[in-house]
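Some notes on the structure that comes next.
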Amino acid sequence: MADVELRKVVKMYDNVEAVREIDLAIADHEFVVLVGPSGCGKSTTLRMIAGLEDITGGEISIDGDVVNDVPPKDRDIAMVFQNYALYPHMTVAENMSFGLRLKRFPKAEIKERVDEAARILDIADLLERKPKALSGGQRQRVAMGRAIVRHPKVFLFDEPLSNLDAKLRVQMRIEIKKVHQKVRTTTVYVTHDQVEAMTLADKVVVMNKGKIEQVGSPNDLYHKPATKFVAGFIGSPAMNFIPCQLEETAGKLHVRISDKLTFPLPPERAARYKSISRDDKLLLGLRPEHITDARSNSGPGFESFEERLDVTEPMGMETLIYFPIEGAQICGRANPSAGAQDGAPLKMAVDLNNMHLLNAASGVVI
Amino acid sequence: MTMAATIDKAGPRRKKKLRSMSHDRKWALRWSYFFLTLFAIFFLFPPLYTVITSLKTSGEISAAVNPWWVYHPTLSNYKELLGSSQFLRFFLNSAMVSICVVIITMLISIPAAFALARMKFWGSATLATGVFLTYLIPDSLLFIPLFKMFAVFHDYTGIQLLNHWYVLVVVYPTLTVPFATWIMIGYFASIPKELDEAAIMDGATWMQTLLRIFVPVALPGIIAATIFAFTVSWAQFLYPLAFTTTTSELVLPVGIITTLIKGDVFNWGQIMTGALLSAAPPLIIYAFLMDYYISGLTAGATKG
């Protein structure tokens, strides 16, 4: 087990910069998830750590040793691929032991390690089967088993759950977390699914256009996003962004959305935002759970207003409500008993204690 | 209301045009069977005629009777050919040439195809196309330059390849290697890239990846290439005709023609028997390897 460090790592494909000078420190035992939309450079970063892609610039070190020019087989890392990449002509046991057999481990130890991994992953009764006789979830377990048996310094996962159906994905997510709790190997995990990132990671790295937008714990990213991209990417349904401006009325700071909608800021927020120019074009960032029906939510920092709903989506435990403000589609979460109905007006409340204010031009959260 | 009315009007009209899937399928199948049968009959005529003629005596062959019927079946042609040491010599020569060519072809083509398909290097795509282009040059253009090359080779080294069966072992790979490589480039390219990446992550060298992952997974492709290489070297006519003359060095196709046609006397019965017997090995190999060839060994490697 080991720590991994990326220093000013760059990857160029011809003239296209896929990864732009990223710095990242991954501590021993840590579970780090690289998350971002397609083409953000997350898989390329992972493949550079694996050694499957050359590094154009910068340095990658594993366990303190710079590995830029070390071939993948000598980096002592294991990788789980999106499409499993099991060897079709080998049984499960042979698949798992392939790496050990190449390194000429004694037979007894190979068997011991395969059995141990099979026990951890609950695939002991599949060891003699060929991959084609396995279901998707079982194949994914075998792929993980192949990584575990080698006791590598680092595990790399490249979107391992993308090929599974929704239900299995949730189940395997838990399995992966359990496995990490048991083996505690430093793990780098790539996904485009922010839910996977939030649920699995000790530390989430949000990437966009080849750069790291923000690094932090899942809670940090959710509650204290640094940029509009992170704020919009993390959380589902996504955060609402409403164009607004600050104005001072009767000595109190207000956020003004339209002629009709102006909310006074809670004192703590007012203190934080008082230095912002009143002319700046801003965005009010509100997560759907902070736009609710007024009936079940009130108190300091809650401001109520009424709007006609476009669409409602009853989810059972809550009802998602959609309505327009200043041309933007806003999503909120209402109590199912609040009586929200398609096309009907609803009295709603915004929780300004949890608001975010963003600079509209730069996208930076203030 | 207008919408509903329109739909109602269109409904029955469209129904009339619709035919059931099974109806369409039935007609597609009928036509397929019709043409397949036609082709089968067309292509089976020559071999059938060969079989019929091989069972006749020379007398019956030249007699003015129905050529599609055997009135006095005899195995004398088979007995004579299989009893002749000359014919067995041709057979042995052919077998040795073909086996050596298949082995040489595979030893060159498999690593070449792997390198061209996987180890992306400067010019690899151009090289792959180049390999294929060499296959397009007809052998009828090449045999004279090749003959000259062997003569020059003899002048310089004193090693005489011409007029020995093994000259064909040197020549045939010029035909088989490009095509076999081309087939296998395509086959290797269809193997998911993650498979070799997984092997590399597991600690395999390129050679181990090739031998322990690619060769077993690409077996159907390799077998296709083997069948091709075998068939080409077994049936090739022009090169052995040009490069070998001594009877003991001849291979089957040339041997049958040169020894069984004496001046303008054609020993048709034995010629046909010889053709039939020499067609047997490729047929047997096809029959045995066809299952492998068709079976999808890559199933289960990845999703789907």
Side-chain angles (χ1 to χ4, degrees), chain A residues 47 49-54 71-92 94-105 129-140 142-143 146-147 149-150 152 154-156 158-160 162-165, chain B residues 106 110 114-115 117-126 184 187-226 289 291-304:
Chain A
R47 291 170 61 83
I49 299 174
L52 295 172
E53 298 282 349
D54 296 332
K73 68 187 180 76
D74 298 326
R75 293 190 185 192
D76 196 11
I77 43 189
M79 186 155 166
V80 176
F81 294 86
Q82 177 177 354
N83 58 9
Y84 327 127
L86 299 180
Y87 312 126
H89 57 297
M90 296 184 192
T91 64
V92 167
E94 285 166 347
N95 260 287
M96 286 163 68
S97 62
F98 183 65
L100 299 178
R101 284 185 284 137
L102 286 177
K103 294 203 172 75
R104 300 190 186 286
F105 271 62
R129 288 211 204 154
K130 291 267 176 74
K132 68 174 168 220
L134 302 177
S135 69
Q138 288 169 332
R139 286 181 200 175
Q140 193 58 72
V142 176
R146 192 166 61 182
V149 291
R150 287 186 31 217
V154 185
F155 279 152
L156 305 177
D158 190 3
E159 309 217 14
S162 303
N163 280 351
L164 302 176
D165 63 55
Chain B
M106 289 304 130
I110 294 175
F114 180 69
R118 275 306 200 262
M119 304 167 77
K120 293 283 169 230
F121 51 89
W122 188 83
S124 58
T126 320
M184 274 184 291
Y187 211 92
F188 284 169
S190 74
I191 295 175
K193 198 154 178 28
E194 285 83 358
L195 218 56
D196 37 314
E197 289 180 347
I200 288 170
M201 297 301 295
D202 263 343
T205 60
W206 281 108
M207 205 52 172
Q208 284 168 325
T209 307
L210 171 61
L211 294 179
R212 300 181 68 162
I213 308 294
F214 268 68
V215 170
V217 172
L219 208 56
I222 291 174
I223 286 171
T226 308
L289 296 182
D291 282 349
Y292 258 117
Y293 181 54
I294 293 166
S295 78
L297 254 171
T298 45
T302 56
K303 186 189 159 63

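Predicted model only: the values in this text are computed from it and were never measured. Only this structure's heavy atoms are used, side chains among them; waters, hydrogens and symmetry mates stay out. Reminder, nothing fancy here: chain letters follow the sequence lines and each chain counts from 1.
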pair Glu194(B)-Gln82(A): side-chain heavy atoms closer than 4.5 Å: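 Sidechains of Gln82(A) and Glu194(B): no contact.
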
Minimum side-chain heavy-atom gap Ile200(B)-Pro71(A) below 4.5 Å: no

Asp54(A) atom CG: more than 12 heavy-atom contacts under 6.0 Å: no

Between [X] and chain B, with a heavy-atom cut-off of 4.5 Å, which part of the residue counts as in contact: side chain, backbone, both or neither?
X         : result
Ile77(A)  : both
Arg75(A)  : neither
Arg129(A) : neither

Return the [atom1] to [atom2] distance between [X] and [Y], rounded to the nearest 0.5 Å.
X         : Y         : atom1 : atom2 : value
Lys193(B) : Phe81(A)  : NZ    : CZ    : 9.5 Å
Lys73(A)  : Trp206(B) : NZ    : CH2   : 12.5 Å
Arg101(A) : Arg212(B) : CZ    : CZ    : 5.5 Å

Stepwise side-chain contact (heavy atoms from CB on, under 4.5 Å) test for Val217(B) and Tyr87(A): CA-CA 8 Å; Val217(B) 172; Tyr87(A) 312 126; 5.8 Å; no

Side chain / backbone / both / neither for Glu197(B) at chain A, heavy atoms under 4.5 Å: both

Check against side-chain contact (heavy atoms from CB on, under 4.5 Å), Met90(A) and Ile213(B): CA-CA 9 Å; Met90(A) 296 184 192; Ile213(B) 308 294; 3.8 Å; yes

Salt-bridge present (Asp202(B), Arg150(A); N to O < 4.0 Å):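 Looking at Asp202(B) and Arg150(A), the cut-off is met.
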
